[in-house]
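Just below is one structure, and these are the notes that go with it.
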Amino acid sequence: AEPYEQIVVHLPAERAFTDAGLRPSTDLLAVEIPVDGALASVSAFFQNLASTQITDPVGATVLAPHAAGLASTLLAYAARTRGAEDLPLLLQRDRALNYMRHHLGDPDLDVDRIAVGCHVSRRTLHRLFEGTGQTVTAHLRTMRIAAAQRLLSNLTDIPIESVAREVGFANDTHFYRSFRSVTGITPGEYRH
C-alpha cells in the first residue's frame, strides 16, 4: 500500500540455499522480510550497492562477494522466521564463512585453523556445515575458486600462477585441478 524500493539480487538458487545451510524450497519465494534492527544495515548495504553499480562499477564488483554472503544470510533469516532453522547455528556458520573469506589467501588455512579461529572444536565446525550439501573443505575450495574467477576476470594482466597464490593455493597443479573440477574448464579457458 505504501511506496517501496525493490532491489533484486541474482544468485544461483542452489548456491544461495547451500550457503544459507538450507535445502532448496519454494516456501521462501517472495517472502517479505522486515528491515528493522540489524537488518536495516543489510538493507542499506544493498541500496548503496545498487547505486554504486551505476557510479563505480569496479567498486561494486569488489563488494559483490559480500552481497552474496548477505543475501544468503537474509535467506537463512527468512527461513528462521518461518521456523526452519536455529539462529545460533546460522550465526556460527556465518562466522566460520566470514573467517574463511578473510583468510582465503592463507595457503595453510584448513579445518583445524578455521575451528581455532572461530573458537569451536573441529567436530562442531563440521556439524555447522551438515545439511548444506558441502563439507567445510568443499566450501573453502568453492570460495577460493570464486575469488579466482573474479581476479581472472578483472585483473587480466596478472599471471594465472599469481592468482592461484592470491586465493590460497600452495601449488599451481592443485589450483588447476580444483578450478577444473569446480568450473569444468581451466583457468586459462575461463580468462578468455
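Between L140 and M100, the closest heavy-atom pair is N-CE, 3.3 Å. Summarising the geometry of L97 relative to M143, their closest heavy-atom pair is O-CE, 3.5 Å, with the distance given to 0.1 Å. Listed here is the closest heavy atom pair of R113 and D108: CD-O, 3.1 Å. Looking at every heavy atom in both residues, L125 comes nearest to A96 through CD1-CB, 3.8 Å. The two residues R150 and T61 make their nearest non-hydrogen contact at CD-O, 4.5 Å. Considering all non-hydrogen atoms of both residues, A164 and D172 come closest at CB-OD1, 4.2 Å.
Between the side chain of R144 and the backbone N or O of L104 there is at least one donor-acceptor pair closer than 3.5 Å. No side-chain donor-acceptor contact under 3.5 Å links D56 to the backbone of T52. Using modelled atom types, one side-chain atom of R95 and one backbone atom of C118 make a donor-acceptor pair closer than 3.5 Å. A distance-only check finds a donor-acceptor pair linking the side chain of H102 to the backbone of N98 [under 3.5 Å].
Within a 6.0 Å radius of CD in Q149, more than 12 heavy atoms belonging to other residues, nucleotides or ligands are found. R177 CZ: 12 or fewer foreign heavy atoms inside a 6.0 Å radius.
There is a side-chain donor-acceptor pair under 3.5 Å between T124 and S121. Side-chain atoms of S153 and R191 form no donor-acceptor pair, as typed in the model, at a separation below 3.5 Å. A side-chain donor from one of Q134 and T142 sits under 3.5 Å from a side-chain acceptor of the other.
Under a 4.5 Å side-chain heavy-atom cut-off, the cluster of Ile, Leu, Val, Met, Phe, Trp and Tyr residues that includes L155 is completed by I145, L151, L152, I158, I160, V163, V167, F169, F175, Y176, F179, V182, I185, Y190.
Side-chain contact check for S181 versus R141: some heavy-atom pair is nearer than 4.5 Å.
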